[in-house]
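What follows is a short report on a single structure.
Reminder, nothing fancy here: chain letters follow the sequence lines and each chain counts from 1.
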Protein chains: 2
Amino acid sequence: MNRVTIRDVANRAGVSQSTVSHVLNKTRVVEEATRQKVLNAIEELGYRPSQVARSLISKRTKTAGLLISDVSNPFYPDVILGVEEIAFTEDYSIFLCNTNYDLERGLKLVQSLVDKSVDGILFMSSSMSLQMVQEAVENQIHAVVLDWEDSNLQEMASTITINFESGIQQAVRHLVEGGHQRIAHVSGPLSLWTAQVRKQCFLKALEQNGLDPQQAAIIEGDLRIEGGRKAFEQLWQLNPRPTAVFAANDLMALGLVWAARNSGLELPKDLSVVGLDDIDLASKVSPSLSTIALPRREIGKMAMQMLLEMIRNGKEAAKSRITVDTTFVLRQSTQRVG
Amino acid sequence: MNRVTIRDVANRAGVSQSTVSHVLNKTRVVEEATRQKVLNAIEELGYRPSQVARSLISKRTKTAGLLISDVSNPFYPDVILGVEEIAFTEDYSIFLCNTNYDLERGLKLVQSLVDKSVDGILFMSSSMSLQMVQEAVENQIHAVVLDWEDSNLQEMASTITINFESGIQQAVRHLVEGGHQRIAHVSGPLSLWTAQVRKQCFLKALEQNGLDPQQAAIIEGDLRIEGGRKAFEQLWQLNPRPTAVFAANDLMALGLVWAARNSGLELPKDLSVVGLDDIDLASKVSPSLSTIALPRREIGKMAMQMLLEMIRNGKEAAKSRITVDTTFVLRQSTQRVG
DNA sequence: TTGAAAGCGCTAACAG
DNA sequence: CTGTTAGCGCTTTCAA
């Protein structure tokens, strides 16, 4: 009733453990007859090699950690699927960890992953600290970081940078060409690096399109539907009112849309709204949401590929840098002003 | 530059490995002075015990697998958060596995988890097979199964059963009392156990409320938004048309709502819609969705608690059974007929 | 109060 | 072509 070990197999087949091991790993030539005996013994006993024992020797666990902010943010599921798609092909398993936007919790999760000797960690939480990455790297664990930058990061991890500028630029141009002069922004929590970046890109885009960034209303939201709702309340009290809003993510954009409609507005006639992420829902709701798309599933796939690459290359692995572009997707939530 | 081992600590502190081990695990009394020497050495070397080596001896990995259908189904995120909430307190890490509703893939994932010696597996994919659970249990891995039944399951796993009857009953009564006589059902794929159960509960509820189950239109959907859309097209061609629809999950209900609105209907005036799951979105969209709620996060927490309990009790652990109730939540997508 | 040594299940020299 | 043996990093008897 106890675990079947390689020893049991060896005994049963009447060979040595090393022979069994070599049959298993095809790591040296074994006479066909012997091989068959071993294979039979394995079959009969239902033997399964212990990955734990293997890991102790090989220093590889075939596991990776995926650190995200919060699974219930619809940005993540597609990323996760992308990661898993690649992981599955290499028999890697993924530890999912939600930081809940909490730096301290994030660090604890990383430490736990380190203790479990994951082969690598994908840092995709928007609450990031250098310490987390250090914790991993110091313990010889490879790291891939999404959408975060730090001058010290370069030598430690591979990175995927999202080029928000392209998509935001397109969105703002679209609005301005549609006659919008007062475009507000609902940002994410400005303590987050990514929220800062999106905001800066937005301001820059305004400027490039002939509007005064100083005049733009900026409201800080929480990246959730509720934040969009609240932002609408505030926006609607402004004087003059904005005719268009760019929300830092789709959830807030949707919150805004629904709050606006509850207040009796007709969208997009009375207000144009642009989101960011292009979550599934964006194309499904009505009016469908104009948004800035980024290839979430691809990001997941690339991240896992980069990680596997680093794992394959071992300690000396070169750190790679990838930038992904964003693009504006025109749907029904925006229209010409007036 | 290599991993710091317990040996290094022992040498540095001038004691034996076993002393270090005992200090670490408080597993026997150590003189305070010695203890300090050890603690200092650990500190100085930055020693972290290898969980892998520990696991090899203890037969525990402090990891569990969570098998779900598809993270992008909004039913799951809250469940995951519940699972993680409990897991985190005990330093357990969770392998997230998406079956993509594919039995074969599901089995492979389970095998991979078995090979990695997880301490337990939470089966929460709606595509289930007895074989998956067997695979785990035969390898001494504890199992908790959500919303699935099989006569052979009883002795193998703990189970959480969802009592759909209560909520569906309430929903149907609400509709019937509102004057609805023709209530259609958009089911999940009828190959899924849970889809069958929901459908049966619905038919039973019709009967108990004086309607003829034979007359009810049943349309098979895919549990996704798109399925709801398509179902609407079909429903609208029926003659006579239904005045209300009960969709097997919220995603399809939303798809239905949006498709109906695109076709120029006013909801809930022209059609009442009830969903199931009470996903976050249900209360946020407009009109907000009447639905049948189930405590997703609680389910996640309970499942993980049951698993930990089984792990603590070892091989002989009793299998527990829990049933959770569902309740109808009245919102804006339903109203009296006419 | 502490240390020596065996062994968890496996891989990988080293010998034959 | 195959077996013996020494570990991987830790826990845990058994002795002292």
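With hydrogens and angles left out, the side-chain atoms of A/Thr19 and A/Ser16 include a donor and acceptor closer than 3.5 Å. Between the side chains of A/Thr5 and A/Tyr47, no donor N or O sits under 3.5 Å from an acceptor N or O. Side-chain N/O atoms of B/Lys116 and A/Ser93 include a donor and acceptor closer than 3.5 Å. Between the side chains of B/Asn40 and B/Glu44, no donor N or O sits under 3.5 Å from an acceptor N or O.
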Show every donor-acceptor pair shorter than 3.5 Å between a side-chain atom in residues 26-33 of chain A and any protein atom, with sequence neighbours excluded, or say none if there are none.
unit_1	atom_1	unit_2	atom_2	d
A/Arg28	NE	A/His22	ND1	3.1
A/Glu32	OE1	A/Arg35	NE	3.1
A/Glu32	OE2	A/Gln36	NE2	3.2

Working note: B/Ser69 + B/Ser126, criterion side chain to side chain donor-acceptor pair (under 3.5 Å); need CA distance, chi angles, decisive distance, verdict. CA-CA 6 Å; B/Ser69 305; B/Ser126 46; 3.0 Å; yes
For every nucleotide of nucleotides 11-16 of chain D, 5' to 3': is a protein heavy atom under 4.0 Å from its base (B), only from its sugar-phosphate (S), or from neither (-)? BB----
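For residues 63-75 of chain B, no pair satisfies salt bridge (charged side-chain N to carboxylate O under 4.0 Å, His left out), with sequence neighbours left out.
Taking atom CD1 on B/Ile42 and atom C1' on D/dC10, their separation rounds to 13 Å, with Å as the unit. In this structure, the CG atom of B/Leu56 is 17 Å from the P atom of D/dG7, given to the nearest Å.
Rounded to 10°, the helix from C/dT1-D/dA16 to C/dG16-D/dC1 has 50° between the axis fitted to its first five pairs and the one fitted to its last five.
Heavy-atom contacts of chain A under 4.0 Å fall on DNA chain C between two terminal nucleotides, which in 5' to 3' order are C/dG9 to C/dC14.
Among the protein residues, A/Val52 comes within range of no part of the nucleic acid, since none of its heavy atoms lies under 4.0 Å from any strand.
Counting non-hydrogen atoms of other residues, nucleotides and ligands closer than 6.0 Å to CD of A/Glu90 gives a total above 12.
A/Asp78 pairs by the salt bridge (Lys or Arg N to Asp or Glu O under 4.0 Å) definition with A/Arg296, not counting sequence neighbours.
Taking a cutoff of 4.0 Å between a charged side-chain nitrogen and a carboxylate oxygen, A/Arg105 and B/Glu84 qualify as a salt bridge.
Distances shorter than 4.0 Å separate some side-chain N or O of A/Ser16 from OP1 or OP2 on D/dG3.
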